[in-house]
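Remember, it's a predicted structure, so these values are computed and weren't measured experimentally. Start at 1 with the first residue, then count along the sequence.
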Amino acid sequence: MDYNNSTAALVPIPWDALSEEALTGVIEAHLVSELSDQSVEGFNLAEQAERIKQDLRAGAWVLIYDTESDSCRLLGKAEAQAYEKQGIL
């Protein structure tokens with residue numbers, strides 16, 4: 001998505017603004033989408049989701065609402081900072 005030529009935006013959401021169930025759902029959806037090209041042998045979704053939650057609390061991830069897709073998703077801190085510099089986030 002080219003956010004520079006769009007009215008779409010990314011809106012940061014505090015991770016603790018979501019219920020535990022909603023946060024887990026966003027994280028698990030992120031993990032599943034990342035797995036589409038990788039092997040799932042030995043992959044434990046619950047363990048990986050907990051790792052992401054810890055990283056999110058530590059600031060390594062940013063939870064955002066994407067107005068274009070009308071959904072929440074995760075961005076790595078560096079990606080979020082790049083969007084922020086562009087005025088998109």
Side-chain angles (χ1 to χ4, degrees):
M1 171 72 197
D2 182 8
Y3 287 96
N4 291 320
N5 297 320
S6 171
T7 59
L10 302 176
V11 180
I13 301 171
W15 62 265
D16 56 354
L18 294 179
S19 69
E20 189 67 23
E21 287 179 4
L23 181 60
T24 298
V26 171
I27 291 170
E28 288 180 354
H30 171 79
L31 288 167
V32 169
S33 71
E34 293 294 312
L35 279 176
S36 62
D37 296 330
Q38 300 176 17
S39 170
V40 295
E41 185 176 327
F43 181 81
N44 184 308
L45 185 60
E47 286 177 8
Q48 293 301 314
E50 188 56 37
R51 182 185 57 76
I52 295 269
K53 283 181 191 177
Q54 291 172 0
D55 291 346
L56 184 60
R57 291 177 183 119
W61 293 93
V62 177
L63 180 64
I64 58 100
Y65 172 73
D66 184 335
T67 62
E68 178 69 19
S69 65
D70 192 30
S71 62
C72 289
R73 62 186 177 107
L74 294 170
L75 294 177
K77 186 175 182 176
E79 185 179 9
Q81 289 173 334
Y83 280 130
E84 193 171 28
K85 285 180 183 177
Q86 296 172 34
I88 298 167
L89 180 64

Measure the spacing between [atom1] of [X] and [atom2] of [Y] and express it to the nearest 0.5 Å.
X     : Y     : atom1 : atom2 : value
Ile52 : Glu47 : CD1   : CD    : 13.0 Å
Cys72 : Leu10 : SG    : CG    : 11.0 Å
Gln48 : Leu45 : CD    : CG    : 8.5 Å
Glu84 : Leu75 : CD    : CG    : 11.0 Å
Glu79 : Trp61 : CD    : CH2   : 8.5 Å

Legend entry - For Asp55, side-chain hydrogen bond (donor to acceptor under 3.5 Å, both in side chains) partners two or more places apart: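 Partners of Asp55 under the side-chain hydrogen bond (donor to acceptor under 3.5 Å, both in side chains) test: Arg51.
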
Listing, residues 20-29 side-chain donor-acceptor contacts under 3.5 Å, not counting sequence neighbours, or none:
residue : atom : partner : partner atom : Å
Glu20   : OE2  : Lys53   : NZ           : 2.5
Thr24   : OG1  : Glu20   : O            : 2.9
Thr24   : OG1  : Lys53   : NZ           : 2.7

Inset, instruction - Please report the closest heavy-atom contact between Leu63 and Pro14, naming both atoms and the distance. - result: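 Looking at all heavy atoms of both residues, the closest pair is CD2-O, 4.2 Å.
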
Legend entry - Residue pair Val62 / Ala80: nearest heavy atoms and the distance that separates them: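 Closest approach of Val62 to Ala80: CG2-CB, 3.6 Å.
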
